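The structure appears right after this line, and notes come after that.
The structure displayed is predicted, hence computed values, not measured ones. Both backbone and side-chain heavy atoms feed into the values below; hydrogens, waters and symmetry mates do not.
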Amino acid sequence: MAKRHGVSYQIRVQEINRIYDQHVRRGLPNREIWRRYIYPVYGISERTFYNILKAESEPGNEVPEDVQLYFNFDYGDNK
């Protein structure tokens, strides 16, 4: 039986994979990406980082469109 994850986990998977994709194109190794950009923000172990990279390819980890609305934390600069 597959483990079921919540919406916050799915959002975190998307964000970590976005960061990973951004830096892997520059030629950085996975460990360096984890050490410089993932660990300081998310505080996850390297093993968890690899599990999250693998989780993106698993079906069922897509965030439903109706839920994405609630996770938009971009408040903008209304100064």
Gap between atom CD of Glu46 and atom CG of Asn30 - 0.5 Å precision: 8.5 Å
salt_bridge(Arg35, Glu32) N-O dist < 4.0 Å: yes
Results of side chain to side chain donor-acceptor pair (under 3.5 Å) for Arg47 - residues two or more places apart only: none
Neighbour count >12 (heavy atoms, 6.0 Å) for atom CZ, Arg25: no
Side chains of Phe49 and Ile16 in contact at under 4.5 Å (non-hydrogen atoms): yes
Interatomic distance, Ile38 atom CD1 to Ile44 atom CD1 [nearest 0.5 angstrom]: 6.5 Å
Minimum heavy-atom distance Gln22-Arg26, with the two atoms named: O-CG, 4.1 Å
Inter-residue atom distance His23.NE2 - Arg18.CZ, 0.5 Å rounding: 8.0 Å
Contacts of type ring pair (Phe, Tyr, Trp, His ring centres under 6.0 Å), residue Tyr50, not counting sequence neighbours: none
Close side-chain approach of Ile52 to Tyr20, heavy-atom, < 4.5 Å: no
Within 6.0 Å of OH in Tyr42, more than 12 heavy atoms from elsewhere: yes
